[in-house]
Amino acid sequence: MKLQNKIAVVTGGNSGIGLAAAHEFKAQGARVVIIGRNAEAVARAAGEIGGDTVGITADVSRVADLDRAFGQIREQLGRVDVLFANAGIAKFLPFGEVTEEFFLEQTAINVKGAYFAAQKALPLLPDGAAIIFTSSTVAHFGMPGSSVYSMTKAALINLAKTLAVELAGRKIRVNVVSPGPITTPIFSKMGLSAAAAGELGGAILAQVPLGRFGEAGEIAKAVAYLASSDAAFVTGTELLVDGGMAQA
Ligand code: NAD
């Protein structure tokens, strides 16, 4: 129960890694708020996490939505001890086929969404609070077709370093978790045929030294560590949870 009486907010908390983290935070004693953009999915997940979990529907790529979401959190709960800025999408295209729309959609959700979630949470963060961003192992190597996605994830690593230093005066810790390939619904949202998805999965698997995909719960444990006082002297760093993929 390392997060007893903490208030933990998870963006993208209704699915995959965010949902697993929400369960872990709850199991460790936190009051959990999940933010997602699909009202039905958010309500279902909040019910599944259980207890007094709060579900808020908001599109993190819209700053006005984030203003409303954190306004609601301020009124209902008054503060945010842990922000897990995790919402993200993954889409892949060859460099020459990337359009402005494709570029802007991913940067708006993965970078702008995480950036302004942290900024809107800031007035609610007490001294000693923790922010964790979800980057990815792909921030560390070149993967064909991932020019936009990998760039968005690399951006979050520097955002964490910068905020770690800028917010250190308030003892706010800012860190990154970088998952390797994790079995979540993200792969089914890529618009790939079953055959192409299978091929992608096989190609990824071949690059993981530990020889398997990870589970969302394995990322959740790492995030809970970064959120807890066990990581009290850890800030501005990245925890790779990727089966060794970035080192291969
Ligand atoms: P997922 O699709 O299961 O979950 C993504 C979550 O983000 C969902 O809850 C979705 O509703 C939310 N989301 C997406 N766009 C949003 C928006 N505009 N506003 C609000 N919420 C939005 O996928 P996941 O695998 O759990 O991904 C979570 C994070 O982990 C992402 O940032 C992803 O890039 C990152 N990641 C995933 C993997 C992997 O292999 N699954 C690997 C590395 C990094």
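Any value given below was found using the heavy atoms of this structure, including those in side chains, with hydrogens, waters and symmetry copies removed. Note that ligands are numbered from 1 as they come in the structure, with each ligand's atoms numbered from 1 the same way.
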ask   = For the atom pair CG (Asp59) and CG (Leu66), what is the distance rounded to the nearest 0.5 Å?
value = 8.0 Å

note = Closest to atom 43 (C) of ligand 1 (heavy atoms only, candidates Ala216, Ser178, Pro179) is Pro179

message = Give the atom numbers and elements of ligand 1 that come within less than 4.0 Å of a heavy atom of Ile17.
response = 26 (O), 30 (O), 37 (C)

task = Without swapping roles, check the side chain of Ser136 against the backbone of Ala139 for a donor-acceptor pair under 3.5 Å.
result = no

request  = Could you find the nearest protein heavy atom to atom 22 (C) of ligand 1 and give me its residue, atom name and distance?
outcome  = Ala87 CB, 3.7 Å

Close N or O approach (Ile182, ligand 1; < 3.5 Å) = yes

key: Heteroatom proximity flag, Thr137 to ligand 1, N/O under 3.5 Å   = no

inquiry  = Tell me which one of Ile34, Asn14, Ile49, Val10 satisfies side chain to side chain contact (heavy atoms under 4.5 Å, CB included) with Leu19.
reply    = Ile49

query = Among protein heavy atoms, which sits nearest to atom 3 (O) of ligand 1, and what does the distance come to when rounded to 0.1 Å?
reply = Ser15 OG, 2.5 Å

ask   = Is the backbone N or O of Leu125 less than 3.5 Å from a side-chain atom of Arg170, with the two atoms forming a donor-acceptor pair by type?
value = yes

inquiry  = Once you restrict to heavy atoms under 4.0 Å, what part of Asn86 touches ligand 1? Side chain, backbone, both or neither.
reply    = both

Close-contact set for ligand 1 against Lys153 heavy atoms, below 4.0 Å = 31 (C), 32 (O), 33 (C), 34 (O)

query = Between Phe187 and ligand 1, is there a nitrogen or oxygen pair with a distance under 3.5 Å?
reply = no

query = Do Met143 and Phe92 touch side chain to side chain, with heavy atoms closer than 4.5 Å?
reply = yes

ask   = Taking only heavy atoms of Gly88, which atoms of ligand 1 are found under 4.0 Å from at least one of them?
value = 5 (C), 7 (O), 14 (C), 31 (C), 32 (O)

query = Within the side chain of Asn175, is there an N or O that forms a donor-acceptor pair under 3.5 Å with the backbone of Val234?
reply = yes

query = Pick one: which of Thr11, Val42, Ile73 meets side chain to side chain contact (heavy atoms under 4.5 Å, CB included) with Ile56?
reply = Ile73

ask   = Salt bridge check: are Lys26 and Glu48 linked by an N-O gap of less than 4.0 Å?
value = no

message = Heavy atom to atom 20 (C) of ligand 1, shortest distance: which of Pro181, Ala58, Ala90 holds it?
response = Ala58

Heavy-atom donor-acceptor pair, Arg68 side chain to Thr57 backbone, under 3.5 Å = yes

query = To the nearest 0.1 Å, how far is atom 27 (O) of ligand 1 from its closest protein heavy atom, and which atom is that?
reply = Ile186 CD1, 3.7 Å

query = Salt bridge between Glu238 and Lys161, side-chain N to carboxylate O under 4.0 Å?
reply = no

ask   = Judged by atom type as modelled, is there a donor-acceptor pair below 3.5 Å linking the side chain of Thr99 to the main-chain atoms of Phe102?
value = yes

query = Counting both backbone and side chain atoms, is some N or O of Gly12 under 3.5 Å from an N or O of ligand 1?
reply = yes

query = Just wondering, do Phe213 and Ile204 contact through their side chains at under 4.5 Å, heavy atoms?
reply = yes

task = Please state which part of Ile109 comes within less than 4.0 Å of ligand 1, counting heavy atoms only: side chain, backbone, both or neither.
result = side chain

key: Residue portion contacting ligand 1 (non-hydrogen atoms closer than 4.0 Å) for Thr184   = side chain

inquiry  = For atom 19 (N) of ligand 1, what is the closest protein heavy atom, and at what distance to 0.1 Å?
reply    = Val60 N, 2.9 Å

note = Closest to atom 30 (O) of ligand 1 among protein heavy atoms sits Thr134 CG2, 3.2 Å

inquiry  = Does any part of the side chain of Leu239, heavy atoms only, come nearer than 4.5 Å to the side chain of Leu226, both counted from C-beta?
reply    = yes

message = Among all protein heavy atoms in this structure, tell me which lies nearest to atom 16 (C) of ligand 1, with the distance rounded to 0.1 Å.
response = Arg37 NE, 3.6 Å

request  = Measure the spacing between NE2 of His23 and CD of Gln28 and express it to the nearest 0.5 Å.
outcome  = 14.0 Å

remark   = Residue, atom and distance of the protein heavy atom nearest atom 42 (C) of ligand 1 read Gly180 O, 3.2 Å

ask   = For ligand 1, which atoms sit closer than 4.0 Å to a heavy atom of Pro185?
value = 3 (O)

request  = Run the numbers for me: atoms of ligand 1, each under 4.0 Å from some heavy atom of Lys189, listed by number.
outcome  = 1 (P), 2 (O), 3 (O)

remark   = Here the atoms of ligand 1 under 4.0 Å from any heavy atom belonging to Tyr149 are 33 (C), 34 (O), 35 (C), 36 (N), 43 (C), 44 (C)

inquiry  = Determine whether a donor-acceptor pair (N or O, by modelled atom type, separation under 3.5 Å) exists between the side chain of Arg31 and the backbone of Asp52.
reply    = yes

message = Return the closest protein heavy atom for atom 44 (C) of ligand 1 as residue, atom name and distance.
response = Ser135 O, 3.2 Å

ask   = So which bit of Phe213 gets within less than 4.0 Å of ligand 1, heavy atoms only: side chain, backbone, both or neither?
value = neither

Per-atom contacts, ligand 1 versus Asp59 - under 4.0 Å to a heavy atom = 17 (C), 18 (N), 19 (N)

remark   = ligand 1 to Asn14, heavy atom cutoff 4.0 Å, flagged ligand atoms 9 (O), 11 (O)

